[in-house]
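A quick write-up on the structure given underneath.
Predicted, not measured: the structure shown is a model, and the values here were computed from it. Here is how names work: the chains are called A, B, and so on, in the same order as the sequence lines, proteins then strands, and each is numbered from 1.
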Amino acid sequence: MPPRRATPHPASLGVHLPPCAGQDPAGPPDALDLRRAVCAWFEESARDLPWRDPAAGAWAVLVSEVMLQQTPVVRVEPIWREWMHRWPDPRALASASTAEVLQAWRGLGYPRRALRLRECAVVIRDHHGGRVPSEEAHLRALPGIGEYTAAAVRSFAFTAHAVVLDTNVRRVLGRVVGGEALPPPTLTRAERERAASLLPREPGQAARWNVAVMELGALICTARSPLCQDCPVARHCRWRAEGYPPDAHAARRRRQPWEGTDRQARGRVMAALRASAQPLPRDELEPLWPQDPTQLDRALASLVADGLATHTPRGYLLG
DNA sequence: AACGCGGGGCA
DNA sequence: TGCCCAGCGTT
């Protein structure tokens, strides 16, 4: 049984997806068993996340996906609810100010995503009649929407046939099919081909599989300490069968430092700007980063360049 | 292909 | 402390 669990009732996805039946001939012979097991597990163990509500709509899905880029679900959920209440559709967000949007993004990290999300809203309003597009090319043309997010929106919001390859899916497939502890540092063609070969041909089944395998990676097949005892596909898992060989790419995986970096300085400045209703003179910013005034200036300049801060005669402002 | 970009929680 | 998290855009 999964550790943090879930809901008294089965989770739902999209509108009328068929149950995970399985006569879909795509993929290796084993694939059918694999899919059935993962989907059955999902039915009873999935988290009841609000953006999976069938009534949520494509805008809700798009907002959730952008927020979830490199940010854990638990931190996204309350902010997502707030955004949906405040800006229930693209037109609403398109009318919001930069400062409002950045203020409301608090705690999620990577605040440039908030600006891009509002830009998405403007483009959707001006070029797509206020509705989230479903074509891949149109989605990819939106700021901040890359390969993963476009596929996720197409699959989850439009029940399209799309290969959804996030960090969870990559890890699950890498382990179960590839026998590797962790996926390579950058997404490879081989991974795309593997995922495509496992994707059910029928779009509804594909969408179901996508969300189910992603959830498995999030709850059971976790990066740090996988719960193989509770895993519905442990008997299919090559990594397990081969005795859990260590991460082959460990040497090439590089960690990003934090202490003393420009990123930390930027974050500190942003927190101060968010907390202040009025412009902050540079003198009042200096105590935030006493160790290196040059670095502070660099951080300020980059924030202004990114559109996250404005330099007025009276000081720096959010947005 | 590699790098910059937040921030919090947990082993 | 190091690692991880439903990645993207730029170089």
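- His236(A) and Asp30(A) share a donor-acceptor pair across their side chains, judged by distance under 3.5 Å alone.
- With dA6(C), dC5(C), dG7(C) as the candidates, the nucleotide lying closest to the side chain of Arg47(A) is dA6(C).
- Side-chain polar atoms of Thr222(A) and Arg171(A) form no donor-acceptor pair below 3.5 angstrom.
- As rounded to whole Å, 13 Å separates atom C1' of dG6(B) from atom CH2 of Trp289(A).
- Contact annotation for Trp105(A): no contact, since no heavy-atom pair falls under 4.0 Å across all strands.
- Atom CG of Asp247(A) is separated from atom P of dC3(C) by 11 Å (rounded to the nearest Å).
- Here dC3(C) is the nucleotide among dA6(C), dC5(C), dC3(C) with the atom lying nearest to any side-chain atom of Arg224(A).
- One interatomic measurement links the two molecules: CD1 of Ile145(A) to P of dG9(C), which rounds to 8 Å at whole-angstrom precision.
- In this structure, Gln264(A) reaches neither bases nor backbone, as no heavy-atom distance under 4.0 Å exists between it and the strands shown.
- Under the 4.5 Å side-chain criterion, counting only non-hydrogen atoms from C-beta, His249(A) is not in contact with Leu182(A).
- For the pair Gly107(A) and Arg116(A), both in contact range of DNA chain B, the more 5′-proximal nearest nucleotide belongs to Arg116(A).
- Listed candidates were dC5(B), dG8(B), dA6(C). Nearest to the side chain of Arg266(A) is dC5(B).
- Of the residues near DNA chain C, Thr167(A) and Arg253(A), the one whose nearest nucleotide (by heavy atom distance) lies more toward the 5' end is Arg253(A).
- One atom, OH of Tyr110(A), and another, C1' of dT10(C), lie 15 Å apart when rounded to the nearest Å.
- In this structure, CG of Leu108(A) is placed 19 Å from P of dC5(B), rounded to the nearest angstrom.
- The aromatic rings of Tyr316(A) and His311(A) lie parallel to each other, their planes meeting at an angle below 30°, with 60° marking the opposite boundary.
- No side-chain N or O of Arg154(A) forms a donor-acceptor pair with one of Ser134(A) less than 3.5 Å apart.
- The side chain of Arg263(A) lies closest to dC5(B) when the candidates are dC5(B), dA6(C), dG7(B).
- Donor-acceptor pairing under 3.5 Å, judged by distance alone, is absent between the side chain of Thr71(A) and the base of dG7(B).
- What separates CG of Leu68(A) from P of dG7(B) is a distance of 17 Å, to the nearest Å.
- Residue contacts for Ser64(A): at a heavy-atom cut-off of 4.0 Å it reaches no nucleic acid atom on any strand shown.
- Side-chain nitrogen and oxygen atoms of Ser225(A) include none within less than 4.0 Å of the OP1 or OP2 phosphate oxygen of dA11(B).
- A distance of about 23 Å separates the P atoms of dA6(C) and dG4(B), rounded to the whole Å.
- Following rounding to the nearest Å, Gln295(A) (CD) and dC5(B) (P) show an atom-to-atom distance of 10 Å.
- Close to dG6(B), at under 4.0 Å from its OP1 or OP2, lies no side-chain N or O of Arg113(A).
- Closest-nucleotide positions on DNA chain B for Thr186(A) and Gln70(A) were compared, and the one nearer the 5' end corresponds to Thr186(A).
- Looking at heavy-atom distances under 4.0 Å, Pro111(A) makes contact with sugar-phosphate atoms alone, never a base.
- Taking side-chain N and O atoms only, Gln69(A) has no distance below 4.0 Å to OP1 or OP2 of dG7(C).
- Taking 4.0 angstrom as the limit, Arg274(A) places a side-chain polar atom (N or O) nearer than this to OP1 or OP2 of dG7(B).
- Contacts of Arg140(A) with the nucleic acid, taken as non-hydrogen atoms under 4.0 Å apart, are absent.
- Annotation: dC8(C) and dG8(B) have their P atoms spaced 23 Å apart (nearest Å).
- If you take CG of Asp306(A) and C1' of dC8(C), they are 13 Å apart, rounded to a whole angstrom.
- Contact annotation: Arg171(A) side-chain N/O to dC5(C) OP1/OP2 distance is under 4.0 Å.
- The pair Arg140(A)-Glu147(A) does not count as a salt bridge, with every side-chain nitrogen at least 4.0 angstrom from each carboxylate oxygen.
- Taking for each of Met214(A) and Leu142(A) the nucleotide of DNA chain C with the nearest heavy atom, the 5'-most of the two is the partner of Met214(A).
- Using a 4.0 Å heavy-atom cutoff across all strands shown, Val164(A) reaches no nucleic acid atom at all.
- The residue Ala223(A) sits close only to the backbone: its heavy atoms come under 4.0 Å of sugar-phosphate atoms, none of a base.
- Minimum interatomic distance between Ala150(A) and Leu139(A) (heavy atoms only, all atoms of both residues): O-CD1, 3.8 Å.
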